[in-house]
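Residues take their numbers from the sequence shown, with the count starting at 1. What you see is a predicted model; the values in this text were computed from it and never measured.
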Amino acid sequence: SLWSRRCSASVQCPRLVSVKQRTTTTSHPRGCQSWVRSERGAAAVPGRVQEKGSHVVRTMGAVFSLKLPTAKGPFPVGCTDFMIDHTRKGSFCRLYYPCEAGGQSRQPLWIPRYEYYGGLVNYLNRSRWSVPLLNLAFGYHTVPVGWNAPFRAKEKYPLIIFSHGLGAFRTVYSAICLEIASHGFIVAAVEHRDESAACTCYYRTADGDVEPPAGATCEDGSSSTGPISTQAAQPGLKEVWLPVRKLVSGKEEFPLRNKQLQQRVEECGQALNLLTDINQGEPINNAFLGNLCPSVLKDCIDLQRVAVMGHSFGGCTSVQAVAEDARFRCAVALDSWMLPLSEEMCSKAPSPVFFINSAKFQTEDTIRKMKKLQSGNDKIKIITILGSVHQSMTDFTLLTGDLLGLAFETKGTIDPLEGLEIIEKATLAFLQRHLGLPKDFNQWDSLVEGEGDHIVSGSPPLT
């Protein structure tokens, strides 16, 4: 589960004092995005944080700015959304990628649609009155990347498929994804349709698929041939929101979660299939008109260096994906929720897996499964970040103040930025080791072995 199950049953959001800057919110009907733009008209520059993307929290006379950090790697980062096949069986993901420096692009809102607030409230079993409060708390945050920024097509980049946790969606791990992308990776954050996301959307028509208008174009102006599914602008096309599926009281959890796990693994493979086709120059049509044209990625994805990564339910997904799909050379599992993984799967000898655990989420049974996988396999590593909690690996740890952090257990005793930096550096070192990257990430190899401040090898005694 993305969210700790020890959250209190009733919580009120704290009062937030936003940055004193008038903003205008507009819709982007074809891109499934909303934008917060300054009335001064200043555009966001990739790699630079603007204050409009943050909240200022005033607590006991002190003022703290809550925002996602800019990437520290050598590449500026762009991002876009792909929905290939608008139906529920299609592939939906957010792509983070190295982009050209110096261009001007807008920054996307962190939570791109109001419906996601409703999905979070529904998942957390809160009152519907909490929806506008969450929007107040998080509605102004932006991601410090260039939306549809020009792709840097100067080399081949290794690929990471990222799987979100239960009750999350594709944008909740923006800090980790954009940081990895800034070091020369393409990261595809999948939004799952197995009813484990807080909510997600797809499209349908009363009479089946609708042919798009001829001559639809991509962001770069190139002609997009073949059938493409559009959104609100297409007559007869209806947006459908799929809520999270909750466990029925009295029912055993494993059968539902294991079934969802199978679909999640398939969707990770489907995203890899999609990016393989794009790399080979196959005509791919994005349901979101006006977004980055997929053709610009042709021959720029290193399909010999592909890994899968995820948090919580997504961590479990990455473990099974690397065991079943040989195209994934290794996996990084962030505080993996191991309940959905079968005992049979735990007995297999998977490819290299890196378990990065928080100090408070794991149980005796989940640790037992990890150690069963690790038995006799020195390519499986387990480390624990001391002072961290389950949500220390999500953006929420950066964007919640002390009161929300206490209520929803989004913060541990470790500084959120320091905890994420450990995750990012350890992940890069592990990826270099098993993808054979010509980089200098091995300078952080000690983290993979559990050596350093705030980390230990293996799992500490459960409390």
Side-chain angles (χ1 to χ4, degrees), residues 27-37 43-47 53 68 71 75-86 90-101 103-113 116 142-153 157 159-162 164 169-182 184-191 200-203 216-222 224 228-231 233 270-272 274-279 282-298 300-301:
S27 295
H28 192 282
R30 295 186 179 184
C32 195
Q33 297 292 323
S34 297
W35 301 98
V36 176
R37 301 189 64 185
V45 179
L68 296 178
F75 299 101
V77 179
C79 83
T80 192
D81 281 337
F82 283 167
M83 185 184 288
I84 310 302
D85 179 358
H86 62 254
S91 186
F92 187 16
C93 63
R94 170 153 291 190
L95 206 70
Y96 302 83
Y97 55 86
C99 70
E100 294 289 353
Q104 290 191 340
S105 301
R106 295 174 294 183
Q107 292 184 355
L109 284 176
W110 175 56
I111 295 185
R113 292 283 298 269
Y116 287 105
T142 60
V143 183
V145 294
W147 179 250
N148 289 319
F151 177 69
R152 183 182 180 275
Y157 303 101
L159 174 65
I160 309 295
I161 304 296
F162 194 98
H164 64 73
F169 40 91
R170 71 190 187 282
T171 69
V172 169
Y173 305 90
S174 293
I176 287 177
C177 290
L178 71 91
E179 179 62 27
I180 292 175
S182 77
F185 290 80
I186 293 174
V187 183
V190 176
E191 188 159 293
T200 187
C201 67
Y202 62 95
Y203 298 88
T217 60
C218 300
E219 178 71 12
D220 64 358
S222 62
S224 181
I228 128 180
S229 300
T230 62
Q231 298 183 55
Q270 185 179 18
L272 180 51
L274 162 66
L275 289 160
T276 299
D277 289 343
I278 289 174
N279 190 62
E282 297 292 332
I284 300 294
N285 294 292
N286 190 355
F288 299 151
L289 296 181
N291 281 8
L292 185 78
C293 193
S295 65
V296 301
L297 277 69
K298 181 182 177 182
C300 289
I301 305 174

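Scanning all heavy atoms of the two residues, the minimum distance from Ala181 to Val187 falls at N-CG2, 4.2 Å. Minimum heavy-atom separation, Ile284 to Ile84: CG2-CD1, 3.4 Å. A pairwise comparison of heavy atoms in His164 and Val190 identifies CD2-O, 3.2 Å as the closest pair. In plain terms, the two heavy atoms of Ala149 and Gly78 that are nearest each other are CB-CA, 4.2 Å. Across Pro112 and Arg94, no two heavy atoms sit closer than the pair CB-NH2, 4.5 Å.
Between the CG atom in Asn286 and the CD1 atom in Ile278 there is a gap of 8.5 Å [rounded to 0.5 Å]. Put simply, CG on Asp81 and CH2 on Trp147 are 4.0 Å apart, with the number rounded to the nearest 0.5 Å. Note that the CG atom of Asp85 and the CD atom of Gln270 stand 7.5 Å from one another [nearest 0.5 Å]. Between atom CG of residue Leu272 and atom SG of residue Cys93 there is a gap of 11.0 Å, rounded to the nearest 0.5 Å.
For Glu191 (side chain) and Arg170 (main-chain N/O), a donor-acceptor pair under 3.5 Å exists by modelled atom type. Looking at Asn279, its side chain never comes within 3.5 Å of a backbone N or O of Lys298 through a donor-acceptor pair. Side-chain N or O atoms of Thr171 include one that pairs as donor or acceptor with a backbone N or O of Trp110 at under 3.5 Å.
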Check the pair Ile161 / Leu275 against side-chain contact (heavy atoms from CB on, under 4.5 Å), numbers first and verdict last.
CA-CA 10 Å; Ile161 304 296; Leu275 289 160; 4.0 Å; yes
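Ring planes of Tyr173 and Phe162: tilted class, angle from 30 to 60°.
Under the 4.5 Å side-chain criterion, counting only non-hydrogen atoms from C-beta, Ile160 is not in contact with Ile186. Residues Cys79 and Leu178 have side chains not in contact (no heavy-atom distance under 4.5 Å, counting atoms from C-beta outward). Counting heavy atoms from C-beta on, the side chains of Met83 and Cys201 come closer than 4.5 Å.
Between the side chains of Tyr96 and Ser182, no donor-acceptor pair is found at a separation under 3.5 Å.
Scanning for ring-ring contact (aromatic ring centres under 6.0 Å, His included) contacts around Tyr157 gives Phe151, with sequence neighbours left out. Under the rule for a side-chain contact (heavy atoms from CB on, under 4.5 Å), the partners of Thr80 that lie at least two apart in sequence or sit in another chain are Phe82, Leu95, Tyr97, Asn148, Asn291, Leu292.
Taking the centre of each ring, Phe185 and Phe75 stay at or above the 6.0 Å mark.
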